[in-house]
Asker: 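Encoded as C-alpha cells, here's the structure I'll be asking about.
We number each residue from 1, following the sequence as shown. Reckoned from all heavy atoms, side chains included, excluding hydrogens, waters and symmetry mates.
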Amino acid sequence: MFFKTYGKKTVAAILGASLILSVAACGNEDSGEDTSSESSLFEPITEVTENTDKTDNSGDADTTAETEEAASSDEPYVLPEGMYISELTGEPISEELKDQRPIAAMVDNELTALPHYGTSEADVVYELMNSTKNDRITRLMCIVKDWGSIEQLGSIRSTRPTNILLAAEWNAVLCHDGGPYYNDQYFAREWSAHFSGTFSRVNNGKATEFTEYIISGDLESNFENYSSNAAYSTTYNEYANEGSHFNFVNYGTELNLDEKYSNTYPATIVAIPFPHNQSQLVYNSETKEYEYYEYDNRHEDAEDGEPLSFKNVILQKCSFTQLDENGYLVYNCIDPGQTGWYITNGTAKVIAWTKTSETAVTKYYDDNGDELEINTGKTYIALVPDDTWDSITLQ
C-alpha cells in the first residue's frame, strides 16, 4: 500500500498543508500570492462558487421501513438471516449473491442515446471523458452486482482502456460493443474478461449504434457460451480483491462530514467540467441523495422513471494521455497519490486517492492518513481531467 511505503504521518502532513492551501484558494482569492509552483500530493483544488444553474428538487424517498428503523435506532443493526452486507454498497442484500462477480456495462451518454434504461439500478456509476473530441463527450460505466435482475440496460457502446482497468478492480466482466485497438493489450491480460457486441437489439427508431441493450437472459447466455474459460466464471475468481471495495460506515449509521472534520465545504450543487453534457449532481434534502443532471435535465430512468441518484459522490483528479488525433485516450489512473473530493449529505471534503496496480482497488484517504469512511448506498465516481480540475464548482 502507498501509505506503508511513504508513511502515514508524512501523507497526513502533506494533506494538512494542502488543505490550508485549499482554504486559501477558496476564501482569499484576492491575496495576490502566486502558488502555481507549489507541488504536493494535494494541490489547491477548486473555487467554491455560487452556482444557480439548478435548484434542489426534492422527491419521494425510496427507502424501506427497515432501513429507516435502522438509521434512527441506537441499537446495532442485526443482519437478517439469508442476507449479507454488499461489498459494493455496504447495504444488506441476498446472501445468494455473495460470491457473484459484478458486470461493468458501458452506457452511451450522447443526447441521442437518452433516455437510458436500467442505470438507476446500478450500484456504482463511473463517468469518464470518452474522447477529447466532441466537447470531451463522456460515457457511463455501470457496475451492477445483481445482474440477473436486469430487464433492460443501456444503450451499450464501445469501451476505452481506462474502463478495462477500472472494471478489473471490481473483478467485473466488462460489457461493451467494440472499441479501438488500444484495448487489445488490456484484453490480452489474464485478469481481463469481457463480452462485446453480444447483446440484444431493440427497435427504438434510432440509428443502429443506439439500439444495443442488455436485456433479461443476455448475460446468462454469454456466461454459458464462455463456461469452459475459467476467466469468465460467474463467481469471483483469483483476481478478485478481498473484502469491501469501500470503507463503509456501519449499516444503519450516518456519516456527516462537518461533524467529523473541520475542513469541509457546502455542496448542494456539484458542477463537473464535462462541457458536452454539463454534468451536475444536485442534493435532494428529503432523500439525502445527489440526483444526476445532464443536458439541463434531471436524469430519469426510462424503465421506471426513477432519478439516477447517489448517496456518495467521489471526484478524482486524474491526468490523461491522448493516444492519437482521433481523440482516443487513457487516463493515468494508476497513481501513487492524487487529490479528490468526497461529497455526501450536502457537504464536501478534500481527499486523496491511490491505485497501485492494474487490478488494485482505488483507495481513498482523509487528512489523517486514514482510509476514508463513506456512507452506505450507491456511489457516483468521476475521473476529472487535471487540466479542467480547477473548474469544478460547489454551491
Asker: How long is the gap from OH on Y292 to CD1 on I272, to the nearest 0.5 Å?
Answerer: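 If we round to the nearest 0.5 Å, Y292:OH and I272:CD1 are 7.5 Å apart.
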Asker: Regarding T347 and Y265, do their side chains bring together a donor and an acceptor under 3.5 Å, going by distance alone?
Answerer: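 No pair is found: no donor N or O on one side chain lies under 3.5 Å from an acceptor on the other.
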Asker: Between atom CD1 of I156 and atom OG of S196, what is the distance when rounded to the nearest 0.5 Å?
Answerer: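 If we round to the nearest 0.5 Å, I156:CD1 and S196:OG are 10.5 Å apart.
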Asker: Go through the steps for T264 and D258 under the test side chain to side chain donor-acceptor pair (under 3.5 Å), then give the verdict.
Answerer: CA-CA 6 Å; T264 62; D258 52 359; 5.5 Å; no
Asker: Got more than 12 heavy atoms from elsewhere within 6.0 Å of CD, E151?
Answerer: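 Not buried by this count: 12 neighbours or fewer within 6.0 Å.
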Asker: Could you tabulate the donor-acceptor pairs under 3.5 Å formed by side-chain atoms of residues 136-143, not counting sequence neighbours?
Answerer:
unit_1 : atom_1 : unit_2 : atom_2 : d
R136   : NH1    : D387   : OD1    : 2.9
R136   : NH2    : D387   : OD2    : 2.8
T138   : OG1    : N109   : ND2    : 3.0
T138   : OG1    : E127   : OE2    : 2.7
R139   : NH1    : S158   : O      : 3.0
R139   : NH1    : S158   : OG     : 2.9

Asker: Do Y77 and N250 have a side chain donor and acceptor closer than 3.5 Å?
Answerer: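 Checked: Y77/N250 side chains show no N/O donor-acceptor pair below 3.5 Å.
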Asker: Is the number of heavy atoms from other residues, nucleotides or ligands under 6.0 Å of E190 CD greater than 12?
Answerer: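 It does: E190 CD has more than 12 such atoms within range.
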Asker: Assigning hydrophobic clusters by single linkage (Ile, Leu, Val, Met, Phe, Trp, Tyr; side-chain heavy-atom cutoff under 4.5 Å), is W191 placed with W170?
Answerer: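 Per the 4.5 Å side-chain linkage, W191 and W170 are co-clustered.
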Asker: Does I374 form a side-chain contact (heavy atoms from CB on, under 4.5 Å) with T379? I'd like the steps, not just the answer.
Answerer: CA-CA 9 Å; I374 74 168; T379 301; 4.1 Å; yes
Asker: Run the side chain to side chain donor-acceptor pair (under 3.5 Å) check on E91 and T376 step by step: do they pass?
Answerer: CA-CA 6 Å; E91 298 177 324; T376 61; 4.7 Å; no
Asker: Could you name each residue pair satisfying ring pair (Phe, Tyr, Trp, His ring centres under 6.0 Å) that touches residues 196-226, not counting sequence neighbours?
Answerer: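 The answer is Y117-Y213, W147-F223, F195-F223, F195-Y226, Y226-Y232.
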Asker: Does a salt bridge link D367 with K349, judged by any charged N lying under 4.0 Å from a carboxylate O?
Answerer: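 Looking at K349 together with D367, the answer is yes, because their closest N to O distance falls below 4.0 Å.
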Asker: Do the side-chain N and O atoms of Q316 and Y331 include a donor-acceptor pair separated by under 3.5 angstrom?
Answerer: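 No, no side-chain donor-acceptor pair sits under 3.5 Å.
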Asker: F187 vs H176, test: ring-ring contact (aromatic ring centres under 6.0 Å, His included). Steps then yes/no.
Answerer: CA-CA 12 Å; F187 286 144; H176 63 107; 5.3 Å; yes
Asker: As an exercise, state the distance from CG of D301 to CD of Q152, rounded to the nearest 0.5 Å.
Answerer: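 Interatomic distance, D301 CG to Q152 CD, rounded to 0.5 Å: 9.0 Å.
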Asker: Can you list every salt bridge (charged side-chain N to carboxylate O under 4.0 Å, His left out) pair that touches residues 210-231, not counting sequence neighbours?
Answerer: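 Non-adjacent pairs meeting salt bridge (charged side-chain N to carboxylate O under 4.0 Å, His left out): R201-E212.
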Asker: For D370 and Y365, run side chain to side chain donor-acceptor pair (under 3.5 Å): C-alpha distance rounded to whole Å, both residues' side-chain angles, the deciding distance at 0.1 Å, then the answer.
Answerer: CA-CA 5 Å; D370 296 321; Y365 297 91; over 6 Å; no
Asker: In sequence, state the C-alpha distance, the side-chain angles, and the governing distance for V384 and W341, and then conclude on side-chain contact (heavy atoms from CB on, under 4.5 Å).
Answerer: CA-CA 11 Å; V384 180; W341 285 105; over 6 Å; no
Asker: Using distance alone, with no hydrogens and no angle criterion, decide if N171 and N237 have a side-chain donor and acceptor under 3.5 Å apart.
Answerer: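 There is such a pair (donor and acceptor under 3.5 Å, judged by atom type) between the side chains of N171 and N237.
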Asker: Taking NZ, NE, NH1 and NH2 as the nitrogens, is one of them in E373 or K260 under 4.0 Å from a carboxylate oxygen of the other?
Answerer: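 Counted as a salt bridge, because a side-chain N and a carboxylate O are separated by less than 4.0 Å.
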Asker: Judged by modelled atom types alone, do N375 and N312 share a side-chain donor-acceptor pair under 3.5 Å?
Answerer: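 There is no such pair (donor and acceptor under 3.5 Å, judged by atom type) between the side chains of N375 and N312.
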Asker: My understanding is that only residues two or more places apart in sequence, or in another chain, count here; which of them pass side chain to side chain donor-acceptor pair (under 3.5 Å) with S149?
Answerer: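 Checked S149 against side chain to side chain donor-acceptor pair (under 3.5 Å); matches are D146.
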Asker: Side chain of S192, backbone of R189: donor and acceptor closer than 3.5 Å?
Answerer: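 Side chain of S192 to backbone of R189, a donor-acceptor pair under 3.5 Å: no, none is there.
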Asker: Quick one: list whatever passes side-chain contact (heavy atoms from CB on, under 4.5 Å) with T235, sequence neighbours left out.
Answerer: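 Expected list: D99, S233.
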Asker: Would you call E169 and K355 a salt bridge, using N to O less than 4.0 angstrom?
Answerer: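 Judged by the 4.0 Å cut-off on N to carboxylate O distance, E169 and K355 do form a salt bridge.
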Asker: Which heavy-atom pair separates P307 from S120 by the least distance, and what is that distance?
Answerer: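 Smallest interatomic distance, heavy atoms only, reads O-CB, 4.0 Å.
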Asker: Can you tell me if E96 has over 12 outside heavy atoms packed within less than 6.0 Å of its CD?
Answerer: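 No, not enclosed.
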Asker: Starting from the C-alpha separation in whole Å, work towards a yes-or-no answer on side-chain contact (heavy atoms from CB on, under 4.5 Å) for I314 and I343.
Answerer: CA-CA 6 Å; I314 296 175; I343 304 166; over 6 Å; no
Asker: Using every non-hydrogen atom in the two residues, find where F246 and Y364 come nearest and quote the distance to one decimal.
Answerer: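 Shortest heavy-atom separation between F246 and Y364 comes out as CE2-CE1, 3.9 Å.
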Asker: Which atom pair, heavy atoms only, marks the closest approach of T162 to C333?
Answerer: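 Heavy-atom minimum between the residues: CG2-SG, 4.1 Å.
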Asker: Can you find a side-chain donor-acceptor pair between S155 and D108 that sits under 3.5 Å?
Answerer: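 Per modelled atom types, S155 and D108 side chains form no pair under 3.5 Å.
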Asker: Less than 4.0 angstrom from a charged side-chain N to a carboxylate O is my criterion; do E300 and R298 meet it?
Answerer: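 Here E300 pairs with R298 in a salt bridge, since their nearest N and O are under 4.0 Å apart.
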Asker: Between K311 and E254, is the closest basic N to carboxylate O distance under 4.0 Å?
Answerer: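 Result for this pair is yes, salt bridge flagged.
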Asker: Can you list everything that forms a salt bridge (charged side-chain N to carboxylate O under 4.0 Å, His left out) with E87? Sequence neighbours excluded, please.
Answerer: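 E87: salt bridge (charged side-chain N to carboxylate O under 4.0 Å, His left out) contacts with K145.
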Asker: What's the shortest heavy-atom distance between A360 and T356, and which atoms?
Answerer: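 Taking every non-hydrogen atom into account, CB-OG1, 3.5 Å.
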Asker: Pairs in or reaching into residues 81-101: which pass ring pair (Phe, Tyr, Trp, His ring centres under 6.0 Å), with residues at least two apart or in two chains?
Answerer: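 Not a single pair qualifies under ring pair (Phe, Tyr, Trp, His ring centres under 6.0 Å).
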Asker: Go through the structure and list residues passing side-chain contact (heavy atoms from CB on, under 4.5 Å) with E121, not counting sequence neighbours.
Answerer: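 Scan of E121 (side-chain contact (heavy atoms from CB on, under 4.5 Å), adjacent residues dropped) gives E303, D304.
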Asker: Please list, chain by chain and in numerical order, all residues satisfying salt bridge (charged side-chain N to carboxylate O under 4.0 Å, His left out) with E371, sequence neighbours excluded.
Answerer: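 With neighbours one apart ignored, the set is K363.
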Asker: Once side-chain contact (heavy atoms from CB on, under 4.5 Å) is applied, do any residues pair with P180, and if so which ones, sequence neighbours excluded?
Answerer: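 R160, Y182, N183, Y328.
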Asker: Under 4.5 Å between side-chain heavy atoms, chaining through other members, with only Ile, Leu, Val, Met, Phe, Trp and Tyr counted: pull out the rest of the cluster around V361, sorted by chain and number.
Answerer: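 Members other than V361 - counting any ILVMFWY side chain reachable under 4.5 Å - there are none.
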Asker: Check step by step if side-chain contact (heavy atoms from CB on, under 4.5 Å) holds for L114 and E294.
Answerer: CA-CA 10 Å; L114 299 180; E294 62 175 347; 3.8 Å; yes
Asker: Who are the side-chain contact (heavy atoms from CB on, under 4.5 Å) partners of S309, not counting sequence neighbours?
Answerer: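 Result, side-chain contact (heavy atoms from CB on, under 4.5 Å) vs S309: E289, E291.
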Asker: Considering all heavy atoms of both residues, which atom of I103 and which atom of I150 are nearest to each other, and what is their separation?
Answerer: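 Heavy atoms of I103 and I150 come nearest at CD1-CD1, 3.9 Å.
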Asker: Could you check whether the rings of Y290 and Y283 sit parallel, tilted or perpendicular, using 30° and 60° as the cut-offs?
Answerer: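 Geometry flag for Y283 against Y290: tilted rings.
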